[in-house]
Structure formats: structure tokens, C-alpha cells
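Working notes for the structure below.
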Amino acid sequence: MKLTELSARQIRYYEEQKLIFPKRNEGKTRQFSLNDIDRLLEIKEMLDASFTIKEIHKQFNKEGKPEQVSDEKIRIALYEDMMRESGLHGRH
DNA sequence: CTTCTTACA
DNA sequence: TGTAAGAA
């Protein structure tokens with residue numbers, strides 16, 4: 001709520017409309033990822049621009065997901081950067 | 001005290 | 001959307 005300036009009502013409603021997918025703690029409280037926050041901010045802007053929930057869905061379906069960057073890929077990338085900087089090459 | 005859901009306005 | 005109610 002603080003980061004997006006949105007009310008709890010709005011955030012919960014957007015989740016209901018499947019615009020965001022917060023994870024849950026033991027199926028209870030919502031855990032918002034940075035991506036959820038970004039999405040909420042975009043939703044907020046689009047709504048100000050008079051977009052409908054439906055149109056926002058289309059927008060998200062198009063823009064995004066040529067490739068999902070997994071934590072594992074990020075971990076490997078960081079490892080390779082470290083090897084490069086230390087002058088030691090070779091994968092793994 | 002806080003979040004969650006449901007339901008009414 | 002806001003807010004009241006009641007559960008957790």
C-alpha cells in the first residue's frame with residue numbers, strides 16, 4: 001500500500017482480477033514480489049489513463065515473457081562474472 | 001493490533 | 001471503491 005499508494009481494497013481486487021499473483025504465507029497473508037509491485041504501479045498508471053481491466057490484461061499478455069530469468073540463471077551469471085574478474089576462466 | 005473474506009451501498 | 005462484520 002505504501003509503495004504503490006493503492007488501497008488494500010484495490011490491491012486485493014486486482015489480484016481477484018488476476019492482474020497480479022502474490023504468493024501466500026501458509027496460505028494466509030499475501031507476499032508481494034518486486035514484480036508484483038511493479039505491476040501494481042503499471043496498473044495504477046493505466047487506470048489513470050482510463051484503461052479497463054480487460055485492456056490491461058491484453059497489455060500484460062503481449063509485453064511480456066520471451067524468456068523467464070530463473071534464480072538459477074542469475075546465480076550462474078553471477079558466478080561467471082566472478083570468475084571473469086578474478087582472471088580465472090572456465091565454466092563451472 | 002493486523003490481515004483476510006464476504007457482502008452491502 | 002469504501003467500509004462494516006466476524007474469523008483467524
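Chain letters run A, B, ... following the sequence lines, proteins first and then strands; every chain starts at 1.
- Of all heavy-atom pairs between Met1(A) and Ala8(A), the closest is CE-N, 3.6 Å.
- Between Ile43(A) and Ile20(A) the shortest side-chain heavy-atom distance falls below 4.5 Å.
- Within residues 5-15 of chain A, the residues approached by DNA chain C to less than 4.0 Å at the level of any non-hydrogen atom are Ser7(A), Arg9(A), Gln10(A), Tyr14(A), in residue-number order.
- Separating the CD atom of Glu16(A) from the C1' atom of dT5(B) is a distance of 10 Å, rounded to the nearest angstrom.
- To the nearest 0.5 angstrom, Arg9(A) atom CZ is 10.0 Å from Tyr14(A) atom OH.
- Atom OG1 of Thr29(A) and atom CZ of Arg24(A) lie 8.0 Å apart (nearest 0.5 Å).
- Remark: Arg30(A) is not in phosphate contact with dT3(B), judged by side-chain N or O atoms under 4.0 Å from OP1 or OP2.
- Considering every non-hydrogen atom in both Glu5(A) and Lys2(A), the closest pair reads OE2-O, 3.4 Å.
- Between atom CD of residue Glu42(A) and atom CG of residue Asn35(A) there is a gap of 9.5 Å, rounded to the nearest 0.5 Å.
- First and last contacting nucleotides of DNA chain C toward chain A (any atom under 4.0 angstrom from a heavy atom, 5' to 3' order): dT1(C) to dT3(C).
- Atom CE of Met46(A) is separated from atom CD1 of Ile53(A) by 9.5 Å, given to the nearest 0.5 angstrom.
- A donor-acceptor contact shorter than 3.5 Å links the side chain of Asp36(A) to the backbone of Ser33(A).
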